[in-house]
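What follows is a single structure, written as structure tokens, with notes after it.
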Amino acid sequence: MLPGHEQGKSLGSTKEETGLTVTGVTGHAGSFDYVSRSGLRTRQFTFAVTVGATGPVTLTEHDESAWADRGELPAVSDETRALLAG
């Protein structure tokens with residue numbers, strides 16, 4: 001969630017951006033800072049959630065998605081890999 005961003009709006013963004021309906025937030029997985037493609041410093045907050053169904057995934061703002069085992073992650077940034085490793 002973005003600072004000042006209401007939880008309902010963030011959950012709605014998940015639905016809009018992926019087609020998945022979040023049914024519960026189970027925890028804060030972590031956060032990290034990075035420089036976006038447009039050159040802006042950005043902080044990504046990541047939460048563990050449950051969803052009503054795991055598909056179909058319909059992306060509107062991302063290039064691809066994948067369900068992956070933590071031990072068999074596809075190509076991801078070092079920050080994302082560290083966050084998922086726990």
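Counting from 1, the numbers follow the sequence of the chain as shown.
Listed for the Thr60 side chain is a donor-acceptor partner under 3.5 Å among the backbone atoms of Glu16. In this structure a side-chain-to-backbone donor-acceptor pair under 3.5 Å is present from His28 to Gly30.
One hydrophobic cluster, built from ILVMFWY side chains closer than 4.5 Å, cannot hold both Leu73 and Val57; they sit in different ones. When hydrophobic clusters are built by joining Ile, Leu, Val, Met, Phe, Trp and Tyr residues whose side-chain heavy atoms come closer than 4.5 Å, directly or via intermediates, Val35 is not grouped with Val76. When the side chains of ILVMFWY residues are joined at heavy-atom separations under 4.5 Å, either directly or via intervening members, Phe45 and Leu84 end up in two distinct hydrophobic clusters.
Contact record, Arg81 with Pro74: NH2-O, 3.3 Å, taken as the closest heavy-atom pair.
Atom OG1 of Thr46 and atom CZ of Phe32 lie 5.5 Å apart (nearest 0.5 Å).
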Fill in: Criterion side chain to side chain contact (heavy atoms under 4.5 Å, CB included) on Leu59 and Ser65, from CA distance to verdict
CA-CA 8 Å; Leu59 301 177; Ser65 71; 4.1 Å; yes

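Judged purely by distance below 3.5 Å, without hydrogens or angles, the side chains of Thr42 and Gln44 never pair a donor atom with an acceptor atom.
Partner Thr50 forms a side-chain contact (heavy atoms from CB on, under 4.5 Å) with one of Thr23, Val25, Thr21, Val22 and no other, that one being Thr23.
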